[in-house]
Amino acid sequence: MSNAKVLPLLEPAGQGMAPCCPPLTERPMTAEEAETAARMFKALGDPVRLRLFSSVASHEGGEACVCDISDVGVSQPTVSHHLKKLKEAGLLSSERRGTWVYYRVEPSVLAAMGKLLTPAAAA
């Protein structure tokens with residue numbers, strides 16, 4: 001008989017979570033919503049990160065291997081750092097396949113970003 005304890009699997013931070021905020025013109029943001037949006041915008045505020053995010057979002061099939069998106073004018077360790085920051089902000093998710101890591105922008109993230117910056121519909 002084993003004493004092994006089975007622990008539940010937790011979803012990594014940021015994966016499957018969309019930045020959640022109402023349109024800016026709908027109502028004032030709560031402190032939590034502002035923190036979430038600020039984290040997202042801060043991550044995208046760097047030109048290299050914005051290029052990486054754009055490369056992943058526009059890549060055929062909706063995901064990109066790190067080997068396909070690393071040509072942004074900085075070293076590979078710097079690319080990895082920026083991708084990590086995008087993941088921490090909840091903008092990217094990733095999956096390791098063999099020796100490569102594939103990144104994707106979840107459709108819910110793009111939808112939430114568009115919703116945040118789109119004026120609320122007139123009633």
Side-chain angles (χ1 to χ4, degrees):
M1 188 167 198
S2 173
N3 292 6
K5 192 177 195 180
V6 177
L7 298 175
L9 293 175
L10 298 177
E11 191 172 322
Q15 280 194 316
M17 293 175 45
C20 62
C21 301
L24 292 173
T25 58
E26 184 177 295
R27 63 170 170 77
M29 287 182 169
T30 66
E32 185 177 326
E33 290 168 341
E35 286 289 329
T36 299
R39 194 170 32 254
M40 176 185 67
F41 285 121
K42 183 176 181 181
L44 292 174
D46 182 279
V48 172
R49 288 186 201 142
L50 189 56
R51 287 184 66 202
L52 286 168
F53 184 75
S54 173
S55 292
V56 172
S58 64
H59 202 270
E60 186 177 332
E63 68 177 8
C65 174
V66 69
C67 59
D68 295 330
I69 58 171
S70 59
D71 187 22
V72 290
V74 295
S75 68
Q76 182 56 47
T78 303
V79 167
S80 295
H81 167 76
H82 287 303
L83 289 169
K84 178 183 174 187
K85 292 297 184 182
L86 290 167
K87 279 184 62 177
E88 288 173 350
L91 296 171
L92 294 180
S93 59
S94 66
E95 178 183 347
R96 180 172 292 281
R97 297 183 198 150
T99 58
W100 296 110
V101 177
Y102 287 79
Y103 291 89
R104 75 186 131 288
V105 177
E106 298 299 331
S108 60
V109 170
L110 291 177
M113 289 173 64
K115 180 181 173 188
L116 174 64
L117 297 173
T118 302

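Quick caveat: nothing in here was measured; it's all calculated off a predicted structure.
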Taking it one step at a time, do Thr36 and Met29 satisfy side chain to side chain contact (heavy atoms under 4.5 Å, CB included)?
CA-CA 10 Å; Thr36 299; Met29 287 182 169; over 6 Å; no
Can you check side chain to side chain contact (heavy atoms under 4.5 Å, CB included) on Leu91 and Val105, steps first, answer last?
CA-CA 6 Å; Leu91 296 171; Val105 177; over 6 Å; no
When you look at Val79 and Asp71, which way does the side chain to side chain contact (heavy atoms under 4.5 Å, CB included) test go after all the steps?
CA-CA 9 Å; Val79 167; Asp71 187 22; over 6 Å; no
Check the pair Leu44, Met113 against side chain to side chain contact (heavy atoms under 4.5 Å, CB included), reporting the backbone distance first and the verdict last.
CA-CA 12 Å; Leu44 292 174; Met113 289 173 64; 3.6 Å; yes
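In this structure, OH on Tyr103 lies 4.5 Å from CG on Leu83, to the nearest 0.5 angstrom. Going from atom CG of Leu117 over to atom CG of Leu24 covers 6.0 Å, rounded to the nearest 0.5 Å. To the nearest 0.5 Å, atoms CG (Leu86) and CE (Met40) are separated by 11.5 Å. Lys84 NZ to Leu92 CG: the interatomic distance, rounded to the nearest 0.5 Å, is 14.0 Å.
Remark: of the listed residues Val66, Ile69, Asp68, Ile69 is the sole one forming a side chain to side chain contact (heavy atoms under 4.5 Å, CB included) with Val56.
Contact of the Thr78 side chain with the Val48 side chain is not registered, since no non-hydrogen atoms from C-beta on lie closer than 4.5 Å. Side-chain contact between Lys115 and Pro23 is present, with at least one heavy-atom pair separated by less than 4.5 Å.
Residues satisfying the side chain to side chain contact (heavy atoms under 4.5 Å, CB included) criterion with Cys67, sequence neighbours excluded, are Cys65, Trp100. Qualifying side chain to side chain contact (heavy atoms under 4.5 Å, CB included) partners for Arg96, counting only residues two or more places apart in sequence or in other chains: Val101.
The environment of CD in Glu60 is sparse: at most 12 heavy-atom neighbours from other residues, nucleotides or ligands sit within 6.0 Å.
Shown here for Val109 and Gly90, the closest heavy-atom pair between the two residues is CG2-O, 3.5 Å.
Screening residues 38-59 for side chain to side chain donor-acceptor pair (under 3.5 Å), with sequence neighbours left out, gives Arg49-His82.
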